[in-house]
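In what follows, a structure is listed as structure tokens, so that the remarks can point back to it.
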Amino acid sequence: MPELPEVEVVRRGLARWIAGRTIAEVQVLHPRAVRRHADGGEDFSAVLKGHTLGEPQRRGKYLWIPLAGEGRSLLAHLGMSGQLLVRPETAPDEKHLRIRVRFADTADAAGGTELELRFVDQRTFGGLSLHPETADGLPDVIAHIARDPLDPAFDDDAFATALRRKRTTIKRALLDQSLISGVGNIYADEALWRARVHYERETAGFTRPRTAELLGHVRDVMNAALAQGGTSFDSLYVNVNGESGYFDRSLDAYGREDEPCRRCGTPIRRRPWMNRSSYFCPRCQRPPRAR
DNA sequence: GGAAGCTCCTGAAAGC
DNA sequence: TGCTTTCAGGAGCTTC
């Protein structure tokens, strides 16, 4: 499942392979993949044709590519299973290929092969769309998304203040992209395990030092995942070359139900939570007293 | 206005 | 073997 580290790995791949290239043709093969583009698939293809792509940018789990001189950007969200792949034109289509982008100038210096960009998405939660940019250079529809904890401009103090002001629980807050972006279910569980915090702890009780410690764990787990190319449990997350990351082998909590906690040996538990799952150590991460 | 819950979607895996 | 059910979850939308 693509979270911040996985999206960053994809962004770096796109920067290498498609920045500066000019679009010759766009094929929208599934309407749901462009459902966030208000004017529909035909308009999406027509607008992109002939434009040169700028340097890919990222905020949280969103990434976008500015269209040179347009004041607009191509915005991408991978959802649960989205992949942005750079493939030779001759490669067979993927089963869930949703959008194909061909370039006017794609000869690969290595072998003269023509490369194309493919958006592949099994579960169709992701998609591409075009949006005007705000004064900050962000696509307007993601102006509400907070900076992510790896962003040098992320304000730790402001986050601590906002967290205390919330009347919610810590995992909900970590997944609130308007508060802190880039954290999904996997890294939320991992950071909370490292911080020895139960996912149902109320945010109002978080002191600044405790918040600083938790942020440190969030950053640590994301940087570790980034260093290993991201997390992938199956073929649903890959980089632009179709390769999986290795961080799933380093997870301490997520996906380890009934396996011993790496700190104390107590079996990790899984609890249904908001139509998904939370993994935690019942000994290291004591649940709060019933309200 | 803020918080919580629902819904979209597909396919692998499990259960019968 | 084949059908049905369960599960995975990001984020926009609806409800309270």
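We name chains A, B, ... by the order of the sequence lines, and we start the count at 1 in each one.
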- Task: For A:Asp176 and for A:Asn275, find the nucleotide of DNA chain B with the closest heavy atom, then tell me which residue's nucleotide is more 5'.
- Result: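 So the residue in question is A:Asp176.
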Any side-chain N or O of [X] under 4.0 Å from OP1/OP2 of [N]?
X	N	value
A:His144	C:dG12	yes
A:Arg276	C:dC7	no
A:Tyr62	C:dG12	yes
A:Ser81	B:dT10	no
A:Arg32	B:dT10	no

- Query: Which is true for A:Arg35 with a 4.0 Å heavy-atom rule: it touches a base, it touches only sugar-phosphate, or it touches nothing?
  - Reply: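 Result for A:Arg35 = nothing.
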To the nearest Å, give me how far apart [atom1] ([X]) and [atom2] ([N]) are.
X	N	atom1	atom2	result
A:His96	B:dC9	NE2	P	15 Å
A:Arg123	B:dA12	CZ	C1'	8 Å
A:Lys166	B:dG2	NZ	C1'	7 Å
A:Lys171	B:dG5	NZ	P	14 Å
A:Asn185	C:dA11	CG	C1'	13 Å
A:Gln177	B:dA3	CD	C1'	16 Å
A:Ile170	B:dA3	CD1	C1'	15 Å
A:Leu175	B:dA3	CG	P	14 Å

- Task: Answer yes or no on whether A:Arg59 is positioned over the face of A:Trp64, meaning its NZ or CZ is under 6.0 Å from the six-membered ring centre and within 45° of the axis.
- Result: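 Not satisfied by the 6.0 Å and 45° rule.
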Candidates [options] - which lies nearest the side chain of [X]:
X	options	result
A:Thr168	B:dA4, C:dG10, B:dG11	B:dA4
A:Thr124	B:dT10, C:dA8, B:dA4	B:dT10
A:Lys95	B:dG5, C:dA11, B:dG11	B:dG11
A:Gln122	B:dT7, B:dA3, B:dT10	B:dT10

- Task: Evaluate the criterion side chain to side chain contact (heavy atoms under 4.5 Å, CB included) for residue pair A:Leu192 and A:His217; output intermediate values, then yes/no.
- Result: CA-CA 8 Å; A:Leu192 290 170; A:His217 288 300; over 6 Å; no
- Task: Return yes if the base of B:dG2 and the side-chain atoms of A:Arg167 contain a donor-acceptor N/O pair under 3.5 Å, otherwise no.
- Result: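 No, no donor-acceptor pair under 3.5 Å.
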- Task: Take the angle between the ring planes of A:Tyr62 and A:His77 and call it parallel below 30°, perpendicular above 60°, tilted in between.
- Result: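 Perpendicular: the ring planes of A:Tyr62 and A:His77 meet at over 60°.
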- Can you see which heavy atom on A:Leu174 is nearest to which on A:Val183, and at what distance?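 In this case the closest contact between A:Leu174 and A:Val183 is O-CB, 3.4 Å.
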- Query: Is it the case that A:Thr52 and A:Thr22 place a side-chain donor and acceptor less than 3.5 Å from each other?
  - Reply: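 Checked: A:Thr52/A:Thr22 side chains pair up, N/O donor to acceptor below 3.5 Å.
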